[in-house]
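Here is the structure we will look at, set down as structure tokens.
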There are 2 protein chains.
Amino acid sequence: MSLDERKLKILQAIINDYIATAEPVGSRTIAKKYDLGVSSATIRNEMSDLEEMGFIIQPHASAGRIPSDMGYRLYVDNIMKRHKLGEREKRLAVSLISKNINQIQYLMDETARLISKLTNYATIFSDPIVKNTRIQKIQLMSLEGNKLMILIATDGNIVKHKIVEVRYLPEDDRLYEISTVITEMLKNQLMENIDENCKDTLYQELTGYDEIVSLVFDTIEQFVASVEKEKFHISGTNNMLAYPEFSDVEKAKNLFQTLEKKDALSKLLSEPKNNNDVQIYIGNESGIEEMKDCSIITTTYEFGNNITGTIGILGPTRMNYSQVVSVLNGMVENIEDVLNNLHNKKGD
Amino acid sequence: MSLDERKLKILQAIINDYIATAEPVGSRTIAKKYDLGVSSATIRNEMSDLEEMGFIIQPHASAGRIPSDMGYRLYVDNIMKRHKLGEREKRLAVSLISKNINQIQYLMDETARLISKLTNYATIFSDPIVKNTRIQKIQLMSLEGNKLMILIATDGNIVKHKIVEVRYLPEDDRLYEISTVITEMLKNQLMENIDENCKDTLYQELTGYDEIVSLVFDTIEQFVASVEKEKFHISGTNNMLAYPEFSDVEKAKNLFQTLEKKDALSKLLSEPKNNNDVQIYIGNESGIEEMKDCSIITTTYEFGNNITGTIGILGPTRMNYSQVVSVLNGMVENIEDVLNNLHNKKGD
DNA sequence: AATTAGCACTCAAGCTAAGTGAGTGCTAAC
DNA sequence: GTTAGCACTCACTTAGCTTGAGTGCTAATT
């Protein structure tokens with residue numbers, strides 16, 4: 001039994017219809033709606049074959065067929081057309097970018113919102129992971145009440161600060177000098193792996209400021225640690241409630257709780273991506289029991305040469321794969337453009 | 001017809017039972033469960049009175065009674081006991097605080113999560129609003145690619161930074177000098193209302209750096225503006241799905257969509273609070289059509305003398321008011337403690 | 001050999017009718 | 001004022017029936 005042209009067409013018809021209606025698709029429906037030039041009986045025979053091959057499933061004896069995970073997989077890998085981002089979608093994306101966005105966090109959040117709106121699915125994204133970042137500058141500044149601000153800037157112009165309490169707080173001018181010494185010593189060092197010699201030298205050069213120096217190192221370590229445990233955000237989960245798959249509150253609750261816990265998802269999103277393309281997890285392929293009725297399509301965005309993140313779309317298994325893939329690709333392009341423009345060494 | 005002791009007891013019994021079961025409460029149930037020393041017939045008569053007075057409602061002829069908004073209002077105002085935070089709850093709150101929290105945002109988020117967990121309702125909170133803040137320090141620093149970081153610290157030790165692109169970027173030492181000049185001139189000025197004379201003087205003193213000076217003023221203005229539009233966060237919405245009130249997905253979806261839009265809620269949360277106490281909106285009292293089956297209990301937290309925020313709990317109208325109020329009060333105390341300890345002029 | 005028409009069969013979903021039980025309101029007795 | 005008793009109401013459940021979409025099989029047709 002071979003998968004000829006006609007079988008593929010019928011499978012596609014079933015998937016299309018099922019994506020649109022969420023109802024099992026019968027042979028007569030296909031015969032009428034899709035012009036295959038054969039009768040429903042023939043289609044019935046073909047469907048019987050497709051079922052035997054495992055691409056479609058009959059939920060119960062007198063119902064139509066719905067695609068199996070395997071069927072979706074075949075569709076995604078071989079049948080689906082990957083169309084370009086539509087005009088309307090592009091316009092929305094551009095209007096998003098043109099807003100005065102200066103915080104990555106905020107940009108990602110807005111992007112996710114937009115994606116959810118465009119697709120009517122949920123959007124998952126990770127905070128950008130910064131690997132192999134090198135320290136560019138460290139700045140200290142005094143605050144009220146014996147508090148010290150420690151600010152770290154890394155390549156890619158990512159800036160983070162932290163406020164700590166110190167026993168002894170030098171004058172600002174002195175702090176500036178200390179900052180300069182620290183910066184000189186640590187500049188271009190890898191955040192993850194600071195040379196022990198440098199550390200020792202710093203403690204020596206800044207005798208009397210042990211407390212501050214050690215707080216600086218602590219802060220660096222904390223930033224590295226906070227990056228390690230990737231953080232995920234989800235938006236547009238409401239959309240999921242619109243699908244009959246989740247018309248049972250129990251199911252919706254389960255899904256939402258799984259999403260909230262995040263650890264399972266986290267593993268999925270941080271999985272290595274083999275190439276630059278999207279990764280598609282259909283139904284059980286995600287390995288998450290609670291998400292067997294969902295599919296996830298993820299991809300990575302990159303900017304600079306050491307900052308990456310993952311963004312993905314989550315929907316029911318019968319999601320519109322073709323649309324989702326193109327939206328995802330289109331939006332990632334946009335993010336990368338914005339970020340590169342914002343953080344790279346433009347103007348060198 | 002007067003609201004005597006017995007009627008109040010019966011109303012309380014109805015509310016208690018309804019809070020626990022979400023089922024209409026009948027006269028026999030009350031006679032059995034609550035030891036009022038009268039028969040169900042008597043209770044029936046009293047219930048009939050209570051209904052006439054508008055405190056309870058009969059959903060249909062052969063059903064028990066449920067409390068009306070008015071009934072809950074009476075309960076909340078006159079009957080409810082405001083008990084102290086329990087042991088278990090206190091322990092959780094303390095363990096939250098002891099984590100190394102240094103970002104207000106993060107603290108609020110964790111607090112909200114904890115409240116949701118304790119109460120099994122949803123928690124709403126606003127980012128802290130900073131009013132009448134005075135500038136303490138402004139710091140400039142150069143970054144790669146002609147980017148300039150502008151950092152503003154205000155009293156209460158709130159630090160924000162922004163990265164902008166500039167045409168001409170001075171050396172760091174020069175930027176430090178400029179920072180010092182700017183700080184000297186603007187220190188203790190109100191963020192919202194910077195003296196025009198100071199502005200002029202600054203432009204004069206820093207001739208040649210017009211671009212930078214104007215960017216600094218822009219940044220200040222943006223921070224003020226970003227504070228004006230209060231931002232809300234919601235956590236624990238999943239909890240709502242557990243209540244039979246939302247076992248219809250349609251209802252849950254409506255609620256979630258209303259919550260997502262936020263403008264309606266925003267108005268509610270930013271309403272002036274008459275006193276230091278909690279504010280309770282029962283059912284339609286919120287004025288939000290979609291939330292007629294919900295109640296919201298809000299309160300404000302304060303730290304320093306110019307930073308305030310609102311935090312609230314959202315649940316079904318039959319929520320456990322007594323518990324919610326005490327959790328809310330307890331948690332707010334905790335937040336205030338942490339924040340004051342973190343940001344105030346301790347050690348002066 | 002492939003396709004199709006025809007028909008018996010299956011089964012979820014929708015409808016109806018009867019039964020159940022929690023709850024009320026009223027009346028008469030205490 | 002309180003209570004027992006009883007008729008009445010009405011949502012909810014259950015079982016049985018009907019409907020219709022859909023299948024699988026067979027025999028006829030191309």
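Computed from a prediction, not measured in an experiment: that's the story for all the values here. Just so it is clear, the values below take in all heavy atoms, side chains as well, and ignore hydrogens, waters and symmetry mates. Every chain is numbered from 1, with letters handed out A, B, ... down the list of sequences.
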| query | Taking only N and O in the side chain of A:R44, is any of them less than 4.0 Å away from OP1 or OP2 of C:dG6? | reply | no

| Are B:T123 and B:S235 linked by a side-chain donor-acceptor pair shorter than 3.5 Å? | no

| message | I need the CD-P distance between A:Q58 and D:dG22, as an integer number of Å. | response | 11 Å

| Minimum-distance nucleotide (side-chain atoms of B:H60 versus C:dT4, C:dG25, D:dC10) | D:dC10

| Which whole-number value in Å describes the distance from B:D49 CG to C:dG25 P? | 10 Å

| task | In sequence, state the C-alpha distance, the side-chain angles, and the governing distance for A:E46 and A:R6, and then conclude on salt bridge (charged side-chain N to carboxylate O under 4.0 Å, His left out). | result | CA-CA 8 Å; A:E46 296 283 47; A:R6 194 168 65 185; 2.7 Å; yes

| field | Test item: side-chain donor near acceptor, B:Y34 and B:D17, under 3.5 Å | value | yes

| Whole-Å gap separating P (D:dG24) and CD (A:E46) | 13 Å

| remark: To the nearest angstrom, the NZ-P distance between A:K7 and C:dT3 comes to 9 Å

| message | Can you identify which nucleotide, out of D:dA4, C:dT3, C:dG25, has its nearest atom closest to the B:A41 side chain? | response | D:dA4

| note | Checking C:dC11, D:dC6, C:dT4 against the side chain of A:A61 (C-beta onward), the nearest is C:dC11

| query | Given atom CD of A:E51 and atom C1' of D:dG22, what is their separation to the nearest angstrom? | reply | 12 Å

| query | Can you tell me if the side-chain N/O atoms of B:S27 get under 4.0 Å from OP1 or OP2 in C:dT24? | reply | yes

| task | Provide, to the nearest angstrom, the distance between the OH atom belonging to B:Y18 and the P atom belonging to C:dG23. | result | 14 Å

| task | Nearest whole angstrom, please: distance from the C1' of D:dG22 to the CD1 of A:I66. | result | 15 Å

| query | Quick one: do the B:S295 and B:Y321 side chains pair a donor with an acceptor below 3.5 Å? | reply | yes

| query | Given atom CZ of B:R28 and atom P of C:dG21, what is their separation to the nearest angstrom? | reply | 13 Å

| Can you find a side chain N or O atom of A:S62 that sits less than 4.0 Å from OP1 or OP2 on C:dA12? | no

| For the side chain of B:T29, counting heavy atoms from C-beta on, which of C:dG23, D:dG24, D:dT2 is nearest? | C:dG23

